[in-house]
Amino acid sequence: MNKPLNKYEEGQVLLVNKELRWTSFDAVRKLRNTMRIKKVGHAGTLDPLATGLLIICTGKFTKRINEFMAQEKEYTGTITLGATTPTYDLESEPRDFKAIGHLSTDEIRAATAQFTGTIQQLPPAHSAIKKDGKRLYELARAGKEVVLEPRTVAISEFELTRIEGAEVDFRVVCSTGTYIRSLANDFGAALGVGGYLSALCRTRIGAFTLDQSKTVGEWEEEIRLELAKEKEH
């Protein structure tokens, strides 16, 4: 007689608040080990330096990963103006420093207009996109020149919530496939001073919001309790 499936093998959607410096796969691996099942995957990578909402699907619900990945996303974060980095974020050191004192708040706000609507965006050279079977960041780290293809993305909202010195806080609502690192780099270029992403948090995927999520530690505790309960029955 086949052993009945537990709830995680049957399929669950776990809303995880990913911590800083964790990879998305770190979160998957930790929860997979706790559940002791093979079928666990995430619906859309968050970079190690980004925090926020990560959808993890288990069991039969892994079939829904593409459906969740296709949904609209919302982010908040900070762009630092006056320098660039090779990775477009703080994974690499800032360089090409430029003065920003001549920029007015109105000029900075006005630059958002060219990045709303349907736009063409180049992904970062240091990204997980594959070209000829290799991930772009592997080619970039090996010093190989990477010719990037622009992709069409949709940004429905790009709102600046704070401008203080070189730091610009923002909120963005966008389609799947949008690189917020590229947006930060392009925004700085449009202002003529350069810019890079210095903080990022994903706050929504479709109808799922960050305030509905739990940390990996909280999920681990809940999963252990659930599995212990199921064993008793």
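Just so you know, these numbers come straight off a predicted model, no measurement behind them.
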S175 side chain to A154 backbone, donor-acceptor under 3.5 Å | yes
Polar side-chain atom of W22 near backbone of T51 as donor-acceptor pair, under 3.5 Å | no
Shared hydrophobic cluster for L200 and I55 (ILVMFWY, side-chain gaps under 4.5 Å) = no
Check step by step if side chain to side chain contact (heavy atoms under 4.5 Å, CB included) holds for T84 and Y196.
-> CA-CA 5 Å; T84 60; Y196 58 88; 5.8 Å; no
In terms of hydrophobic clustering (I, L, V, M, F, W, Y; side-chain heavy atoms under 4.5 Å; direct or indirect links), are L20 and Y88 co-clustered?
-> no
Could you go step by step and tell me if E230 and K7 meet the salt bridge (Lys or Arg N to Asp or Glu O under 4.0 Å) rule?
-> CA-CA 9 Å; E230 287 193 13; K7 70 184 276 187; over 6 Å; no
Could you walk me through whether R109 and I163 pass the side chain to side chain contact (heavy atoms under 4.5 Å, CB included) test, one step at a time?
-> CA-CA 9 Å; R109 287 195 186 282; I163 301 170; 3.9 Å; yes
Say you draw a straight line from OG1 of T178 to CZ of R151; how long is it, rounded to the nearest 0.5 Å?
-> 8.5 Å
Connected via hydrophobic side-chain network under 4.5 Å: V40 and L14 | yes
Single-linkage hydrophobic cluster F25~W219, side-chain heavy atoms < 4.5 angstrom = yes
Nearest 0.5 Å, what's the OH-CD1 distance between Y75 and I205?
-> 7.0 Å
Contact check, side chains of K73 and T176, non-hydrogen atoms, under 4.5 Å = yes
State whether a side-chain donor-acceptor pair under 3.5 Å links T203 with E74.
-> yes
Between R204 (side chain) and G206 (backbone), is there a donor-acceptor pair under 3.5 Å?
-> yes
First locate atom CD1 of I119, then atom CD1 of I155, and finally report the distance between them rounded to the nearest 0.5 Å.
-> 4.0 Å
Looking only at non-hydrogen atoms, find the nearest pair between P94 and A83 and report the distance.
-> CB-CB, 4.1 Å
Looking at OG1 of T87 and CG of L49, how far apart are the two atoms once the value is rounded to the nearest 0.5 Å?
-> 8.0 Å
Can you check whether E164's main-chain N or O pairs, donor with acceptor, with E167's side chain at less than 3.5 Å?
-> no
Answer yes if the side chains of T85 and E93 hold a donor-acceptor pair under 3.5 Å, and no otherwise.
-> no
T209-D211 side chain donor-acceptor pair, cut-off 3.5 Å | yes
After noting the C-alpha distance and the side-chain angles of K38 and R32, does the key distance pass the side chain to side chain contact (heavy atoms under 4.5 Å, CB included) rule?
-> CA-CA 7 Å; K38 284 193 180 129; R32 183 193 282 143; 5.7 Å; no
For a quick test of your reading: what N or O donor-acceptor pairs under 3.5 Å do the side chains of residues 220-228 make, sequence neighbours left out?
residue, atom, partner, partner atom, Å
E220, OE2, T34, OG1, 3.4
E222, OE1, K214, NZ, 2.3

Using the six-membered ring of F61, assess whether NZ or CZ of R64 lies under 6.0 Å from its centre and within 45 degrees of the ring axis.
-> yes
Would a 4.5 Å heavy-atom cut-off, applied to side chains only, mark L31 and V216 as touching?
-> yes
Examine distances only and state if a side-chain atom of T62 and a backbone atom of G41 form a donor-acceptor pair shorter than 3.5 Å.
-> no
Taking a hydrophobic cluster as the set of Ile, Leu, Val, Met, Phe, Trp and Tyr residues connected by side-chain heavy atoms closer than 4.5 Å, whether directly or through intermediates, do F158 and L103 fall within one such cluster?
-> yes
What do the steps show when you test V172 against F115 for side chain to side chain contact (heavy atoms under 4.5 Å, CB included), and what is the final call?
-> CA-CA 10 Å; V172 163; F115 298 104; over 6 Å; no
Residue pairs meeting salt bridge (charged side-chain N to carboxylate O under 4.0 Å, His left out), one or both in residues 39-53, sequence neighbours left out, come to D47-R181
N185 and P124, any side-chain heavy atoms less than 4.5 Å apart | no
Would a line drawn from the ring center of F187 to the ring center of F170 be shorter than 6.0 Å?
-> no
Quick one: which of T78, T161, L160 gives a side chain to side chain contact (heavy atoms under 4.5 Å, CB included) with V168?
-> L160
Would you say R21 has more than 12 foreign heavy atoms packed within less than 6.0 Å of its CZ?
-> no
Value rounded to 0.5 Å, distance of CD in E72 from SG in C174 | 8.0 Å
Is atom CZ of R36 surrounded by more than 12 heavy atoms (other residues, nucleotides or ligands) closer than 6.0 Å?
-> no
Do K18 and S213 come close enough that some side-chain heavy atom pair is under 4.5 Å?
-> no
Considering all heavy atoms of both residues, which atom of S24 and which atom of L54 are nearest to each other, and what is their separation?
-> OG-CD1, 3.8 Å
With the side chain counted from C-beta on, respond yes when N17 and E218 share a heavy-atom pair under 4.5 Å apart, and no when they do not.
-> no
Give the minimum heavy-atom separation between G82 and I100, together with the two atoms involved.
-> CA-CG2, 3.6 Å
Kindly give the heavy-atom pair with the smallest separation between Q71 and A207, and that separation in Å.
-> OE1-N, 4.1 Å
For the residue pair A43 and M69, what are the closest heavy atoms and their distance?
-> C-CG, 3.4 Å
Can D26 and T23 be counted as having a side-chain donor-acceptor contact under 3.5 angstrom?
-> yes
Check: S182 side chain, L122 main-chain N or O, donor-acceptor pair, under 3.5 Å = yes
Heavy-atom pair of closest approach, residues R171 and T76 | CG-CG2, 4.1 Å
If you measure from CG on L46 to CG on L53, what distance do you get to the nearest 0.5 Å?
-> 8.0 Å
